[in-house]
Structure formats: structure tokens, C-alpha cells
Amino acid sequence: MRPSARRGQVAAGRPASLSFLPPSLPACLPASHAAALGAEGGCAPPQPGPPPGLQLLGARALAAGLQPRGGREGEKERAPQLTAERARRPAPGPPSAPQLQPGASTRQPAAPGWAPCLGGAVLRPLGGRAPEGFPAGGLVLGIYSSEKDEGAAQLTSAGDAFDRLVSGKLRELLCGPPLKKGKTHIFHGLHQDFPSVVVAGLGKKNAGVNEQENWNEGKENIRAAVAVGCRQIQDLEIPCVEVDPCGDAQAAAEGAVLGLHEYNELKQKKKPVVTPQLHGSTESEAWQKGVIYAEGQNLARYLMEAPANYITPIKFAEHIEQKLRSFSNVKVHIRPESWIATQQMGAFLSVAKGSAEPPIFLEIHYLGGANTNDSPLVFVGKGVTFDSGGISLKPSSGMDAMRADMGGAATVCSAIVTAAALNLPLNIIGLAPLCENMPSGKANKPGDVVRARNGKTIQVDNTDAEGRLLLADALCYAHNFNARAIVNAATLTGAMDVALGSAATGVFTNSSWLWTHLYEASVLTGDRVWRMPLFEHYTKQVTECPLADLSNIGKYSRAGGACTAAAFLKEFVTASHWAHLDIAGVMSNKDEVPYLRKGMAGRPTRTLVEFVARLSQDSHNTK
């Protein structure tokens, strides 16, 4: 429930296995070429050694099924997914597909080294031309700054290869002052397949984990550089962009997909949709993983950015159910108000009764573990789809941003969708109490006392401190599942924004084991967390209450507001491994994160996904 208003947003391409955002992407592949991909056949019989001077062609030729003789074995298995995706996408193209023969291309019949293949890495002779009918695309390349101020900048391996392809012209153009981190140069007309080439500064080559910043600086530099490069291609209205992996294809994919995302569902005039693709295919698995991670965060951004009349409690639940429908090991339960009442969730219902929109309790079961009876990780997310403050009404300025007060539910549900797409070997249960907080004749009044699921009574001294009432009942319910760990996320307090701003998510936890996993995950994703105190000092401020067992605000009002809110939640937790993530400060982005456009941020979805991935590999018995 944070009062500050921040807006804005963006959309990007998606992998075949995961389609999060509503609009379909335009094809980069002519229909005739897609038809050719559907034909039976395979790689040409391997010949001894590829011809000299071969270079990675990139994703557009990969989709066409071109491969030199002597392609590596094992490459066959990786491309059918991509080619099948391309085959499903309609796009304008020549009336018939070119008939590619070994040793020839459609535009240069005598060019050596081409061979038809339904999969695998794609190579072409230096100076070779792309098959006729393929649209020209943009290219984003990285360049490192020199370790010494006077030293020459260093291109990535993909940049070096492209420079050789254009006979050293790229290096000639780059002479002069070194390109700073996150800055770009754009060149036109260097190569017929890439009419526009963006070179983006990556900073120092050997940048790794920065202990002061608590993140992997090299990965962050790649995300930021790729994002700005892809946006420049988008500004040129070029529909396809190939991206240099820059030594870390996952980080590059995240930068591309996150950087291009924008919420423009309700606008007639939209930015051109750009499809980012890997330049080369040697890191295709890491690239695909990065795309899935980024699309997961973009799903959360989409849900948080959408207007509250478009994402009501029931529409939120149905949207998540639709995303999970294709997974056989996922069950989704959309619990109505009558079920909530039978569960004696009086605190949750007291908030919901002020709105005409009926409350929903969303329950997701992802059974990814080898044994479906293994103790699950339980995620709980606050799902207030609009927070007016209730009778304790918020100021009108900035209230529109409270459409994103369901950010906790959005991030945990998106993390589960992503975990399912990655097929992570762990059982997860997701719980999201969904409702609106509105003023009406039925709404909670300051001073009312309500009863939570565990029997504790709560004095509602401020109706704008409603998120903790939802979470109290949801956390009690979470204990039904013999959880390995319970992690809840919520845009809970403006005090967290005051304390940490948008630099990091505040984490309150009773488990050092849980904290270590969350912290290490955040270092990799760059979406940082910071541990906050759960002192008894704060517990006394919510338990010393004149009318009930607990007050929903601390007796010293605003002092330590984020900490007293966490102390309140702790009164509904008996699990030995629990963490509360207050994400109010990271709810939106102005310009703090360079690879996110202005708007709702969807943070910390990728950190939650990485946390799940790490937990799935941890055999430590936490019970």
C-alpha cells in the first residue's frame, strides 16, 4: 500500500514454450520459408570439416534451416523448437520457397558451404548473403571498455567476427574516445543483412560480483547495454533484432526482453513490436532460459500495470489460470467468497466487504518434484487489486498507482508460471487472497475489531493498513501444507519505500538458511534484497492493544512502520522457515533500473525464480 505514483511500460518477444503477454508477435520469417521448414528431411550427410572462413549467421538463417556441411552433431536436436515456432508464424514472403541445394544459396548459386537442415547452428561463408526473402534486421553488439584509460576498447567475439565480415570497417568507425558503459553508437549500411548496427558499451570485461553493490556487475552491464541497443532498433521500426550474447546469453536475453516490454494494450498508437533473437546459436539454451525469466517478470509487469477495472480479483485469477492451463502438473483452484467464509478468514473478508467486487482466494499447486508428497515451498502474495485506503482514504494524488497493490500476488504467481515453464524439480503452492479495499457503508471503520483464521482478534486502527489483514489469514492457511518454507510478498508499507527506496526488496525472516538462498539468488539476478530486523522491540508495539490481541498499526504510528508490519505478520507464523518480502519500494521504476522502462517493475520476480531454482537443488532437510 504505498502512496507514491509511478507509471509506464513495454512488450517483447516470447519463446515457443512460454507465451505470457496477450498480443502475438509479428513474424520475421516469410511464409514460404516457413512452409519449407515443414517438409520432411534433415541435415545433409556430414562431410569432412567445414570450409574455411565460416561465421555464425544468426537466428534468421537458423529459421531457414541452413547449415554448412560438417555441422556439429547434437545441434540437430536444438533447433526444431525454434523452427516449429517460426513455421507457425504467418508473414509476407515470396510466392514460393527457394529450393536450397547443398553447396548453393538462393541468391548466390555458386556460394560454397550451404546445406539444408531442420535444426542446428547456422554458419555461412564470410561475405555470404542471407537467403532471398528474409527481412533485414538490426544487430546489437557489445564492446568492452579498456582496463586502462589510454587502452583501445575490445569488441566481443561476435563483434570481432562481424568486423572481419565487413573488412575491418567497424573498428575504423569506432576509433576515437572509448564508448562508456551503457552508451551506444549506431551505424548504418555496414552490411546488407543488418542495415543498422548498434554497438553498446559493456564496461570492463572482467567485471564480476561487486561486494559493495551486492550484485554481479558484469551481468547488470550486459542487461543494460542490450536493453538500450534493442530500444534504438525499435525506434528505427526494424521488426527483428539479433543480439550479441556478450559472453552471457541469459543476461543478454533478459536485457532484450525486459528492455523492450511496454504496456500499450489500450492505446491505438503502439510502438512497433521488435523480436529479439540470439546472434549465433552456441548459447541457445542459456538465451532461452533468459527469455523465460524475463517473460516471467513481464507477466507481473503486465498484471500490475493494467487498470483496476481490467484486472479485478476474478480476472486476475482467470488470467493466471489461463497461463497455467497447458501444464499437466499444475492445478489451479479459484475459491469464491463462500469458501473463504467457511475457512473463517474474518480478517480477509473484513477488507473485501467494502467493495462491490467479490473476493477470490487463488490457490495454485505446482507438482514439479520427483515425489509429489514432498514438502512444498509455499508462496503467499498480497492481492489488493485496487487500494483506495478504505475509510482511511488515501490522497487522490497518486492513488491511480494503487492498481498495482496486488504486486505481491503478481510476482509470486508469475514466479510459479515461470517455474512451471522451466520445469523446475520442486513442489510449489501459491496462495493469493484477492480483493479491493474500498470505502462504503459496509467497509471496515477505524476501531473495528475482526477475528483472523487462527482466532486472534485484530483492532483495525487504520483501514489503509489492510494488506496485513489479508496476509494474516493466508499465512494461517499456508500452515496446512507441511511447508518446507513459507515466503510471502507484498507491497505492504510506504515505510519500506522510505527506508530502502527502489534499491532493494526488504526481507524480514526467521531463517538464516532462507535468507542465504534469497540473497545469493538476488546477486545473480541484479534484483537485490536487504535483510531487515524482526526484533521483539517491534512486536510489543503491535501486541499492546487496548481492545484486541493485536493492532494493525504500531502504537508509535509511523516509527519503524515496515518493521511493525512484519512483526504483525509474525504473529500468524509458526513455521521455522518464513520470510516476508516487502516490495513497496520496488513496485515501480522511474529510471533507476536502466533495462526497465518507466512503469510498474514486476520486481522481484526473477529473484524469486532463481530462489526456487536454487532451492530445488538444495537437498538440505529443513524440517
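Keep in mind that what you see is a predicted model, and the values were worked out from it rather than measured. We use all heavy atoms of the structure for the numbers below, so side chains are in, but hydrogens, waters and symmetry mates are not.
No donor-acceptor pair under 3.5 Å is formed between the side chain of Arg301 and the backbone N or O of Gly599. Formation of a donor-acceptor pair under 3.5 Å by the Arg231 side chain with backbone atoms of Val228 is not found in this model. A donor-acceptor distance shorter than 3.5 angstrom exists from the side chain of Ser388 to the backbone of Asn437, with no hydrogens or angles considered. Of the possible polar contacts, one joining the Arg403 side chain to the Glu305 backbone as a donor-acceptor pair under 3.5 Å is found. Proximity of a side-chain donor or acceptor of Thr411 to a complementary backbone N or O of Gly408 within less than 3.5 Å is detected.
No side-chain heavy atom of Thr605 sits less than 4.5 Å from a side-chain heavy atom of Asn298. Lys315 has its side chain out of reach of Tyr310: every pair of non-hydrogen atoms, C-beta onward, lies at least 4.5 Å apart. Contact check for Val274 versus Ile238: no side-chain heavy atoms found under the 4.5 Å cut-off. You'll find the side chain of Asn444 reaches within 4.5 Å of the side chain of Lys353, heavy atoms only. Side-chain contact between Leu431 and Phe379: absent, with no pair of heavy atoms (C-beta onward) separated by less than 4.5 Å.
A donor-acceptor pair shorter than 3.5 Å can be found between the side chains of Thr525 and Thr607. Using modelled atom types and a 3.5 Å distance limit, the side chains of Ser502 and Glu592 yield a donor-acceptor pair. The closest side-chain donor-acceptor pair between Tyr293 and Glu610 falls under 3.5 angstrom. Using a 3.5 Å distance cut-off with no hydrogens or angles, the side chains of Asp244 and His279 do not pair a donor with an acceptor. Side chains of Asp527 and Trp215: a donor-acceptor N/O pair is absent below 3.5 angstrom, by distance only. If you check the side chains of Asp405 and Thr491, you find a donor sitting under 3.5 Å from an acceptor. If you check the side chains of Ser414 and Gln297, you find no donor sitting under 3.5 Å from an acceptor. Glu436 and Ser355 are linked by a side-chain donor-acceptor pair at a separation below 3.5 angstrom, with hydrogens and angles left out of the test. Using a 3.5 Å distance cut-off with no hydrogens or angles, the side chains of Tyr595 and Glu254 do not pair a donor with an acceptor. Side-chain contact, Glu321 with His319: no donor N or O sits under 3.5 Å from an acceptor N or O.
Separation of the His580 and Phe568 ring centroids does not fall under the 6.0 Å cut-off. Ring centroids of Phe361 and Tyr477 are separated by less than 6.0 Å, placing the two rings close together.
Taking the six-membered ring for Trp and thresholds of 30 and 60 degrees, Tyr302 and Tyr263 have ring planes inclined between 30 and 60 degrees apart.
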Given side chain to side chain contact (heavy atoms under 4.5 Å, CB included), test Lys219 with Ile222 step by step and report yes or no.
CA-CA 5 Å; Lys219 291 177 181 289; Ile222 292 170; 5.7 Å; no
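Checked against Val198 for a side-chain contact (heavy atoms from CB on, under 4.5 Å), the options Val226, Ile233, Val243 give a single hit: Ile233.
The existence of a salt bridge linking Glu213 and Arg528 is confirmed by a sub-4.0 Å separation between a basic side-chain nitrogen and an acidic carboxylate oxygen. Electrostatic pairing of Lys331 and Glu363 does not count as a salt bridge here, judged by no charged N lying under 4.0 Å from a carboxylate O. Using a 4.0 Å cut-off between charged nitrogen and carboxylate oxygen, Glu318 and Arg325 do not count as a salt-bridge pair.
Counting heavy-atom neighbours within 6.0 Å of Trp530 CH2, excluding the residue itself, gives a total of 12 or less. For Tyr519, the OH atom sits in a packed shell: over 12 heavy atoms of surrounding residues, nucleotides or ligands are nearer than 6.0 Å. Within a 6.0 Å sphere centred on NZ of Lys270, other residues, nucleotides and ligands contribute more than 12 heavy atoms.
Put simply, CD on Gln250 and CG on Leu524 are 8.5 Å apart, with the number rounded to the nearest 0.5 Å. Rounding to the nearest 0.5 angstrom, the gap separating the CD1 atom in Ile292 from the CG atom in Asn423 is 10.5 Å.
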